[in-house]
Amino acid sequence: MESPAPAVRPLRILWTMPYLPWPTTSGGKSRQYHLLRRMAERGHRITLLVQSKTPLDDEGRARLEPLVEQLIVLPRRPLKHPLTLWHAALSPWPLLTTVNGHAPALADRFEALLAEGGWDVVQIEHSYGFQPFEAPLSRHRQPFVLCEHNVESQLGVATYGKWPWFLRPFARYDQWRARRWERRVLAQASAVAAVTEADARVMTRLSGGQPVGVVANGVDTRAFAQVTPAVGSDKVLFVGNYEYAPNVDAIEWALTEVFPRLWRQRPETRFIVCGHALPEAWPRRFTDARIEWRGYVSDLTGVQAEAAAFLAPLRFGGGSKLKVLEALAAGLPLVSTPEGVSGLEVVDGEHAHLGGSAQGLAEALAGVLSQPTQARALGEAGRAHVAARFDWSASAAQLEALYERLPTLHRLGGVRGQGVGPLAANEEVA
């Protein structure tokens with residue numbers, strides 16, 4: 001059950017993101033949207049500054065504008081723009097940073113917002129989106145919160161593993177650039193948020209010892225509470241954003257190594273693959289009729305109710321996986337690698353079945369599919385675990401606790417202090 005929001009002093013927050021948080025086609029977008037919603041419910045007054053590769057549509061506007069005082073959306077130049085390619089090859093910054101950086105219009109708008117003053121909190125999402133804000137923050141001596149969803153420099157195998165051999169030296173160079181950039185950004189932040197304790201320990205080392213807090217991923221437990229999985233249906237589900245390299249690796253490993261082993265034991269099993277940006281080449285490469293290519297599904301509860309189990313064959317990634325939290329919240333029996341449940345405090349055999357190899361995952365899936373009574377009990381234990389520990393309201397409270405580290409809030413009496421600082425009038429921007 002969701003706990004009521006505590007009474008806190010409303011804050012004026014300038015929040016930046018390198019993508020629109022709606023539609024929630026990825027774990028990062030889902031995290032951003034639900035945290036925005038919870039922080040707005042708790043009374044905080046938010047200006048959201050976004051650089052987006054896609055334009056803001058009517059549905060996105062309808063979803064986001066009620067949550068914020070100002071919604072400012074600026075376009076990001078195309079990935080194959082000559083300036084992006086030039087900087088990607090020659091910049092001292094890593095690839096993702098150059099894609100999202102060198103954005104004068106974004107930097108100028110951010111500078112103008114800082115000049116308004118009166119901000120209790122300035123929050124930057126992702127170190128790879130930090131470059132346009134670095135100089136304005138320094139000029140205004142503005143403390144800020146940095147929220148990291150992964151340790152980007154540790155995603156190397158998944159990100160670069162499929163590059164052609166002649167680009168591998170550049171891949172190693174880009175990983176080195178990423179580690180150096182992370183150290184630079186983490187060292188400047190007044191407070192840092194990681195998604196898991198494991199990521200927080202790595203970021204503490206990268207920052208030179210600066211403490212890093214945890215703002216865990218959550219799930220809208222109410223949205224999935226009524227799902228009844230089709231235990232006994234022999235359908236296995238995976239959901240992911242395929243612009244994210246670890247999800248691509250997960251599907252390709254599942255279809256080349258895990259399912260061939262499972263099909264030898266249970267040939268009738270079907271695999272439902274859902275998610276944003278599903279590669280067009282996959283249906284041509286993996287032609288087995290037992291694979292159902294669904295693509296993006298706006299309401300997951302329907303497809304969750306078709307499935308007997310959820311498979312999370314993730315070998316890389318860091319952070320915690322929102323798709324796994326959502327599957328657990330829906331009561332789906334979960335079979336996963338240890339990486340797939342990182343940061344979720346899942347106990348093997350109690351909340352899920354874990355396997356570190358393709359053979360181990362295939363055997364675990366065969367067991368779940370062949371024992372519906374035990375599978376149903378496993379799914380309900382997973383649902384109870386998530387309901388007790390992972391709700392977005394708890395994540396919002398963790399974020400507020402992190403704000404207490406900011407020197408601006410110490411001067412103003414903290415999040416739970418009395419009174420409100422100066423607030424700007426509402427401005428229609430986007």
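As the structure is a prediction and not an experimental result, all values here were calculated from the model.
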A.B. asks: So, for A352 and L378, which heavy atoms are closest and what is the spacing to 0.1 Å?
C.D. replies: N-CD1, 3.5 Å
A.B. asks: Counting heavy atoms not belonging to E292, are there more than 12 under 6.0 Å from its CD?
C.D. replies: yes
A.B. asks: Could you tell me whether a side-chain N or O of D199 sits under 3.5 Å from a main-chain N or O of N150, the two making a donor and an acceptor?
C.D. replies: no
A.B. asks: Under 3.5 Å, side chain of S91 to main-chain N/O of A88, donor-acceptor pair present?
C.D. replies: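 Side chain of S91 to backbone of A88, a donor-acceptor pair under 3.5 Å: no, none is there.
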A.B. asks: For the residue pair N247 / K323, report whether a side-chain donor-acceptor contact shorter than 3.5 Å exists.
C.D. replies: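 A donor-acceptor contact under 3.5 Å links the two side chains.
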A.B. asks: Kindly give the heavy-atom pair with the smallest separation between F316 and P246, and that separation in Å.
C.D. replies: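 Of all heavy-atom pairs spanning F316 and P246, the closest is O-CB, 3.5 Å.
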A.B. asks: Verify the distance criterion only: is there a donor paired with an acceptor across the side chains of T301 and Q226 at less than 3.5 Å?
C.D. replies: no
A.B. asks: Verify, without hydrogens or angle tests, whether D249 (side chain) and A245 (backbone) share a donor-acceptor contact under 3.5 angstrom.
C.D. replies: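 No; judged by distance alone, with no hydrogens or angles, the pair does not exist.
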A.B. asks: Between E306 and R294, is the closest basic N to carboxylate O distance under 4.0 Å?
C.D. replies: yes
A.B. asks: Going through the checks in order, is the salt bridge (charged side-chain N to carboxylate O under 4.0 Å, His left out) test met by R37 and D220?
C.D. replies: CA-CA 11 Å; R37 190 173 63 155; D220 186 352; 3.2 Å; yes
A.B. asks: So, do W119 and L11 sit near enough that their side-chain heavy atoms are less than 4.5 Å apart?
C.D. replies: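 Answer no - side chains too far apart.
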A.B. asks: Any donor-acceptor pair under 3.5 Å linking the side chain of R383 with the backbone of A225?
C.D. replies: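 Yes, because the side chain of R383 sits within donor-acceptor range (under 3.5 Å) of the backbone of A225.
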A.B. asks: For the residue pair H102 and H87, categorise the inter-ring angle as parallel (less than 30°), tilted (30 to 60°) or perpendicular (more than 60°).
C.D. replies: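 It falls in the parallel class, under 30°.
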A.B. asks: Compare every heavy atom of C147 with every heavy atom of E125, then report the nearest pair and how far apart it is.
C.D. replies: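 Closest pair (atom of E125, atom of C147, distance): OE1-CB, 3.3 Å.
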A.B. asks: Compare all side-chain heavy atoms of L314 with those of V341 and state whether any distance is below 4.5 angstrom.
C.D. replies: no
A.B. asks: Is it true that D391 and R38 make a salt bridge, defined as a side-chain N closer than 4.0 Å to a carboxylate O?
C.D. replies: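 R38 and D391: salt-bridged.
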A.B. asks: Do V273 and I291 have side-chain heavy atoms sitting under 4.5 Å apart?
C.D. replies: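 They are in side-chain contact.
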A.B. asks: Look up atom OH in Y19 and atom NZ in K29, then write down how far apart they are to the nearest 0.5 Å.
C.D. replies: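 With rounding to 0.5 Å, OH (Y19) is 8.5 Å from NZ (K29).
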A.B. asks: Which heavy atom of S30 sits nearest a heavy atom of W392, and at what distance?
C.D. replies: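 Result for this residue pair: O-CZ2, 4.2 Å.
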A.B. asks: Between R77 and T84, do the side chains contain a donor N or O and an acceptor N or O under 3.5 Å apart?
C.D. replies: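 Yes - a donor-acceptor pair under 3.5 Å links their side chains.
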A.B. asks: Distance alone, cut at 3.5 Å: any donor-acceptor contact between the side chains of E350 and H385?
C.D. replies: no
A.B. asks: Closest approach of A189 and F144, non-hydrogen atoms and distance?
C.D. replies: CA-CZ, 3.5 Å
A.B. asks: Any side-chain heavy-atom pair from L36 and W15 closer than 4.5 angstrom?
C.D. replies: yes
A.B. asks: Is the number of heavy atoms from other residues, nucleotides or ligands under 6.0 Å of W293 CH2 greater than 12?
C.D. replies: yes
A.B. asks: I'd like to check L137 versus E134 (side-chain heavy atoms, cut-off strictly below 4.5 Å). Are they in contact?
C.D. replies: no
A.B. asks: Do L311 and L334 come within less than 4.5 Å of each other through their side chains, counting heavy atoms only?
C.D. replies: no
A.B. asks: Under a 3.5 Å distance rule, please check whether R177 uses its side chain to pair with a backbone N or O of W93 as donor and acceptor.
C.D. replies: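 It does hold such a pair.
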A.B. asks: For the side chain of H81 and the backbone of L83, is there at least one donor-acceptor N/O pair under 3.5 Å apart?
C.D. replies: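 A pair under 3.5 Å: yes.
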A.B. asks: Using a strict threshold of under 4.0 Å (side-chain N to carboxylate O), is an ion pair present between E152 and R179?
C.D. replies: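 No, no charged N to carboxylate O under 4.0 Å.
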A.B. asks: A side-chain contact here means heavy atoms from C-beta on lying under 4.5 Å apart; do V122 and P143 qualify?
C.D. replies: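 Answer no - side chains too far apart.
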A.B. asks: Might you confirm whether atom CG of D58 has over 12 heavy atoms from other residues, nucleotides or ligands at distances under 6.0 Å?
C.D. replies: no
A.B. asks: If we check side chain to side chain contact (heavy atoms under 4.5 Å, CB included) with V324, which of these qualifies: L344, L332, V219?
C.D. replies: L344
A.B. asks: Find out whether R31 and V195 are in side-chain contact, i.e. whether some heavy atom of one side chain is under 4.5 Å from a heavy atom of the other.
C.D. replies: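 They are in side-chain contact.
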A.B. asks: Indicate the atoms forming the closest heavy-atom contact of Q304 with A330, along with that distance.
C.D. replies: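 Closest heavy-atom pair between Q304 and A330: OE1-CB, 3.4 Å.
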